[in-house]
Amino acid sequence: MHRFSTIALGSIRDLLPIVLVILFFQLFVLDRPIGELASLIDGVIAVVLGLTLFTYGLELALFPMGETLAHALARRGSVVWLVVFAFLLGFGSTIAEPAVTAVAGEAAETSAAAGFIANNDDAKFLFALGLRISIALAVGSAIVLGVLRIIAGWSLVKLIISGYALVVGVTFFAPAEIIGIAYDSGGVTTSTVTVPLVAALGVGLASSIGERNPMTDGFGLIAFASLTPMIFVMGYGVVIAWI
Amino acid sequence: MDLIASIFSAIASTAFDVVPIAAFLIFFHGVVLGRRFVNIWRIIVGLGCVVAGLGLFLLGLERALFPLGRFVAEQLTAIGSGANADALLPWYSYYWVLIFAFAIGFSSAIAEPALLAVTLKAGEVSGGAIHVWGLRVVVALGVGFGVALGCFRILTGTPLQWYIAAAYAVVLIQTAFAPRLLVPLAYDSGGVTTSTVTVPLVTALGLGLAANVPGRSVLLDGFGMIALTCLFPIMTVLAYAQITALLESRREAREAGRRHQDPPMED
């Protein structure tokens, strides 16, 4: 129970700066009564409660399992199982990531309103699902690439530079409607679920391979995970526009 | 009663999101590693919490964070445009939007626990040369600037890819000169600064802004805020690392000089 209240305080702390900034603007800049915002209060409570329960559940069930698995597999040293594990970890954690679900839904609404996809519930649902699956495939591939990099000792900087070049290159072929969504999808993948699981995998792997430095080799997985979704989502946009 | 019904439907629809990760972790644990589950109830209760929490959070987003972002964008652009709401004004007349964007980015990054973890590690690795609070403030400034620049881009309607390509170029140049050990950390810090609460709010702000500024398309101009927000912390961390490394080597050189009792080379 003690852990639960700590997490609850953490969720409130996440939200507090935003609430303070908004209250300040509401009172002093917009010069309007606070009462206008009262209708949002049940939603804010749902956000705090939801985030708390979510994080608590992750720490209770998924994180300990993920961490033991990452360490055990890294020690065992079977590259095939590691790669399978890395891919599924990236894919599964992205599908469960609330920020991805939220932004994909918003992207579907906007695209439907602007006529990029058909404006009905089925089309919106499929578009949002397609986006989430593209992002999840991208994160899965990114974690695989990151794990292979740690095992083989490739240079992070060279891979990142090639990734950047690829992002800029693919932009020329992607339909204009998808570019903003694609660029944003890089940032939304890496929050609550993905970061702790992926960081555990990277650091565990780097410290069980003798000559690797956990600092320079263990990190960098998140960097890939925020790069590949841009490329994959632009690819998804090309496919959507082509169909 | 309506609220309760929507809570249940939100929770039911998120249950499927958690199935893949749970199924595969349990599969690996039980089948591949062949381990026994020490505490099965812990896993069941934990998964229940994850599903319920995810449902509640998404419901709260729909009811609070998205409307809030839109509402603020609408109100602040209304101040900027004054009486003639249909005319396109120069970007600086919307300065309150930019100030708000910076404030939201800065304050949410300062409070972000993932950022604290990253800065603690950076301090450790640099042997105390990098100050935890200094780095935190510097990253938060980067995030605030990123959100504000995202708003500026929407106000001016310039293509996102120019900004991204230019930012990449700056990051690459910085990488060439930055201390090697901190490069991966800096790249990772871009992703971690955007929390689950900040992402939807900033997205809604961008979409609301694009909807309210005349001549902007929500789909073409509204997205892209998160992308810029992720790039700027990389730059600020690299810059900060480089400046501290430079100051440190200067200080060391000076101390070494004093120890050898060499006269300082000054003209």
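Lettering follows sequence order; numbering is per chain, from 1. All values reported here derive from a predicted model rather than from experimental measurement.
Here OG1 of A/Thr94 is found 12.0 Å from CD1 of A/Ile133. Values are rounded to the nearest 0.5 Å.
Of the two parts of B/Leu61, the backbone and the side chain both hold a non-hydrogen atom closer than 4.5 Å to a non-hydrogen atom of chain A. For B/Leu201, the part lying near chain A is the side chain, with the backbone staying farther off; criterion is any non-hydrogen pair under 4.5 Å. Interface remark: A/Leu89 contributes backbone and side-chain atoms alike to the contact with chain B (heavy atom separation under 4.5 Å). Of the two parts of A/Tyr164, the backbone and the side chain both hold a non-hydrogen atom closer than 4.5 Å to a non-hydrogen atom of chain B. Contacts between A/Ala107 and chain B at a heavy-atom distance below 4.5 Å involve backbone atoms as well as side-chain atoms. Heavy-atom distances place no part of A/Phe224 under 4.5 Å from chain B, backbone and side chain included. Contacts of A/Gln26 with chain B are made by side-chain atoms alone, with heavy-atom separations under 4.5 Å and no backbone atom involved. Only the side chain of A/Val167 comes within less than 4.5 Å of a heavy atom of chain B; its backbone N, CA, C and O stay farther away. Of the two parts of B/Val171, only the side chain, counted from C-beta on, holds a non-hydrogen atom closer than 4.5 Å to a non-hydrogen atom of chain A. Of the two parts of B/Leu172, only the side chain, counted from C-beta on, holds a non-hydrogen atom closer than 4.5 Å to a non-hydrogen atom of chain A. With a 4.5 angstrom heavy-atom cutoff, B/Leu219 touches chain A via backbone and side-chain atoms both. Only the side chain of B/Ile234 comes within contact range of chain A, with heavy atoms under 4.5 Å apart. At a 4.5 Å heavy-atom cutoff, the contact between A/Leu227 and chain B is made by side-chain atoms alone. Contacts between B/Phe71 and chain A at a heavy-atom distance below 4.5 Å involve the side chain alone, from C-beta outward. Heavy atoms of B/Leu58 lying under 4.5 Å from chain A belong exclusively to its side chain.
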For this session: Before giving the answer on side-chain contact (heavy atoms from CB on, under 4.5 Å), spell out for B/Val50 and A/Tyr56 the whole-Å C-alpha distance, their side-chain angles and the decisive distance to 0.1 Å.
Result: CA-CA 7 Å; B/Val50 167; A/Tyr56 183 68; over 6 Å; no
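Between chain B and the options A/Leu69, A/Thr171, A/Val168, the largest number of non-hydrogen pairs under 4.5 Å is found for A/Leu69. Taking chain A as the reference chain and counting heavy-atom pairs below 4.5 Å, the highest number among B/Val218, B/Ile164, B/Thr203, B/Val18 is found for B/Ile164. Counting heavy-atom pairs closer than 4.5 Å to chain A, the top residue among B/Val72, B/Val51, B/Leu54 is B/Leu54. Most heavy-atom pairs under 4.5 Å with chain B, from the set A/Ala165, A/Ala176, A/Gly92, A/Ser93: that is A/Gly92.
The list of side-chain hydrogen bond (donor to acceptor under 3.5 Å, both in side chains) pairs with a residue in residues 47-70 of chain B, not counting sequence neighbours, reads A/Asp42-B/Arg63, A/Glu106-B/Arg70.
Contact annotation: the side chain of A/Leu20 never approaches that of B/Ser107 to less than 4.5 Å [non-hydrogen atoms, C-beta and beyond]. Using a 4.5 Å cut-off on side-chain heavy atoms (C-beta onward), B/Ile99 and A/Phe25 make contact.
At distances below 3.5 Å, not a single donor-acceptor pair connects side-chain atoms of B/Thr14 with backbone N or O atoms of B/Asp17. For the pair A/Ser111 (side chain) and A/Ala108 (backbone), a donor-acceptor distance under 3.5 Å is absent. When atom types are taken as modelled, the side chain of A/Asp184 and the backbone of B/Ala227 share a donor-acceptor pair closer than 3.5 angstrom. In this structure, B/Arg216 contributes its side chain and B/Ala211 its backbone to no donor-acceptor pair below 3.5 Å.
Side chains of B/Tyr163 and B/Thr158: a donor-acceptor N/O pair is present below 3.5 angstrom, by distance only.
A search for side-chain contact (heavy atoms from CB on, under 4.5 Å) contacts involving B/Val183 returns A/Val157, B/Thr175, B/Ala178, B/Arg180, B/Tyr187, B/Leu238, not counting sequence neighbours.
In this pair, B/Phe28 and B/Phe24 present their aromatic rings perpendicular. The plane angle is above 60°, beyond the 30 to 60° band.
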